[in-house]
*Asks:* 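There's a structure below that I have some questions on.
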Amino acid sequence: MATDSPVRVRFAPSPTGLLHIGGLRTALYNYCFARKHDGAFILRIEDTDRARYVDAAEEDIREALEWTGLDIDEGPDAGGPHAPYYQSERKEAYRTYAEQLVEDGHAYYAFDTEDELDAMRASLATEENPNPKYDAQTRTEMRNSLTLSDAKVDELLDAGAEYVIRLKVPQGEKIHFEDEVRGHVSFDASGLDDQVLLKSDGMPTYHLANVVDDHRMEISHVIRGEEWLSSTPKHILMYRAFGWDVPTLAHLPLILSPNGGKLSKRDADEMGIPVFVTDYKEAGYEPEALVNYLALLGWHPGDDRELFSLDELVDAFSLDRVGSSGTQFDADKLRWINEQHLREKDDASLLERVRDVAAAEGYTPSDDALQEIIDLTLDRVQMAHEIVTDNRYFFEDPETYEEAGVEKRWKDDSADLLLAYADRLEAADAFDTDTVERELRDLADAHDVGAGRIIHPARLAVSGRSYGPGVFGLMVGVGRDACIRRMRTAAERLG
RNA sequence: GCCGCGUUCGUCUAGGGGUCUAGGACGCCGGCCUCUCACGCCGGUAACACGGGUUCGAAUCCCGUACGCGGUACCA
């Protein structure tokens, strides 16, 4: 294993759709590992599947990485010594490598058509073995350069017949490797099939392109999802056939849906758990929070800390603290982490953040007013947008009054008390929390009632709700004219 | 079906032969604070999948079973 070489890791997504949350976590772990070891973080676009290629996917990946702050050292935009970073642009190079394998006896041409393959599988499939392989056994009965004469093979090749190149998996061999998160892993080669390396359209499969690129880009550590664990022995075989060192391997546990299954678009929608990174952005999560949460999903810092900035994650990260079991997504915890990050934001950036949110809702308060609203609401929300969307009374008069609140707090004398309070506020020579409170308490004394007798109706009148920030601050945040107006309106509406 | 990987509170996890009457966090419940709601603080609930073995001693090591997940494509 390449242990002394400089750390070079890659995030190698396939542009087949929007970037999945699991993909972002893979990118994050790679990023942290690279930064931790002063290595390089490389982005490589694995666009070898023409059929599933989605044009907007690459832009989405780029945006997701930028949003979360995972800076790329080498890649399509950043450039680098191993360009191009698109596999589709290296089509011919892979063919050369595949042919080299054929020449060396580690791979072979196969001319079987899709129908022939289907027929083979159909005839061999049994209940015991529903997925027959193209392996050491079956390849002897198929049309390939192992069963056909050299002359026939040349003839087919010359005639431009469609073919693939398949890996010639050795028989009865045990393939062992060390995984940084799982320890020792071994597979029996007879359980593998003769993996297609070069497709009939001339494109490499993932397996070929991945091994070739990881080698030529001098990737030191392959950190990827557990879904690749089963194909790792094929990759090892290829490294061996090429005579290359195998990078250090680390397979990350998969992210599961809260009900245990795979995190799918469908049940994610049903449980309000976005699958795509862009959906988190749209839902209003702080990128720092998402990153923090994702880091903790399958990795543990070794102490009791839970709140991390990206830099702190880098500092604390190590592969040997990555867990090996699948991990269920917990939206509540994410929200909690989001809340913590929101509170750690400095005033200026929080103000800017909330200003954007307000603007999106059609509100354009002054910075002073907005700052006041933030001060009043920050410890009552988990999401930035909730400062605005859960507290619209700062921007507009309430149209309705919370029923349970009215039931509980609105008494026979409430209207009269509020009317009197409104008059006092109108006459007051200031409108700050002290004045507002003093006027209220004086009024309560004058009527010989508890302050709550006015406080609660006032809150109801001004915000339409029975809960929220302390009334005095709330009223100042709403403003004198609006408060007076709303109290008089409520007195009229609620009697 | 076969192959592989996994299994500690509901969830994320710590712990990796004795320090474990199993620790932390989220959630949930209760209390305090209080004009309400939050915040904060205090307290509580709740787990070693099961069965065998090894050992003086097992959550920790081994085997088996169950369950979960992944793979089993000219998809990645």
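Just so we're on the same page: letters track the sequence lines, and every chain starts at 1.
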*Asks:* Under the 6.0 Å and 45° cation-pi test, does Arg95(A) pair with Tyr97(A)?
*Replies:* no
*Asks:* Spell out yes or no: do the side chain of Arg380(A) and the base of C39(B) have one donor N/O and one acceptor N/O closer than 3.5 Å?
*Replies:* no
*Asks:* Determine whether a donor-acceptor pair (N or O, by modelled atom type, separation under 3.5 Å) exists between the side chain of Thr377(A) and the backbone of Arg380(A).
*Replies:* no
*Asks:* Consider the side chain of Ile455(A), meaning its heavy atoms from C-beta on, and name the nucleotide among C74(B), G10(B), C35(B) that approaches it most closely.
*Replies:* C35(B)
*Asks:* Any chance the side chains of His341(A) and Glu288(A) put a donor and an acceptor closer than 3.5 Å?
*Replies:* no
*Asks:* Just compare U72(B), C74(B), A25(B) and give me whichever is closest to any side-chain atom of Glu306(A).
*Replies:* A25(B)
*Asks:* Can you tell me how far C1' in G24(B) sits from the matching atom in A14(B), rounded to whole Å?
*Replies:* 7 Å
*Asks:* On RNA chain B, nearest-nucleotide positions of Val164(A) versus His456(A): which is more 5'?
*Replies:* His456(A)
*Asks:* Spell out yes or no: do the side chain of Arg52(A) and the base of C75(B) have one donor N/O and one acceptor N/O closer than 3.5 Å?
*Replies:* yes
*Asks:* Which value, in whole Å, describes the distance between the P atoms of nucleotides G68(B) and U11(B)?
*Replies:* 15 Å
*Asks:* Could you give the distance separating U55(B) and A47(B) at their P atoms, to the nearest angstrom?
*Replies:* 31 Å
*Asks:* Provide the distance between the two C1' atoms, one in G6(B) and one in C39(B), to the nearest whole Å.
*Replies:* 39 Å
*Asks:* Which is true for Arg305(A) with a 4.0 Å heavy-atom rule: it touches a base, it touches only sugar-phosphate, or it touches nothing?
*Replies:* nothing
*Asks:* What does Val471(A) touch in the nucleic acid at a heavy-atom separation under 4.0 angstrom: a base, only the sugar-phosphate, or nothing?
*Replies:* base
*Asks:* Which of these nucleotides, C5(B), U11(B), G24(B), is closest to any side-chain atom of Arg182(A)?
*Replies:* C5(B)
*Asks:* Report the nucleotide, chosen from G6(B), C5(B), C12(B), that has the shortest atom-to-atom distance to any side-chain atom of Glu226(A).
*Replies:* C5(B)
*Asks:* Return yes if the base of C39(B) and the side-chain atoms of Arg343(A) contain a donor-acceptor N/O pair under 3.5 Å, otherwise no.
*Replies:* no
*Asks:* Counting heavy atoms not belonging to Asp448(A), are there more than 12 under 6.0 Å from its CG?
*Replies:* no
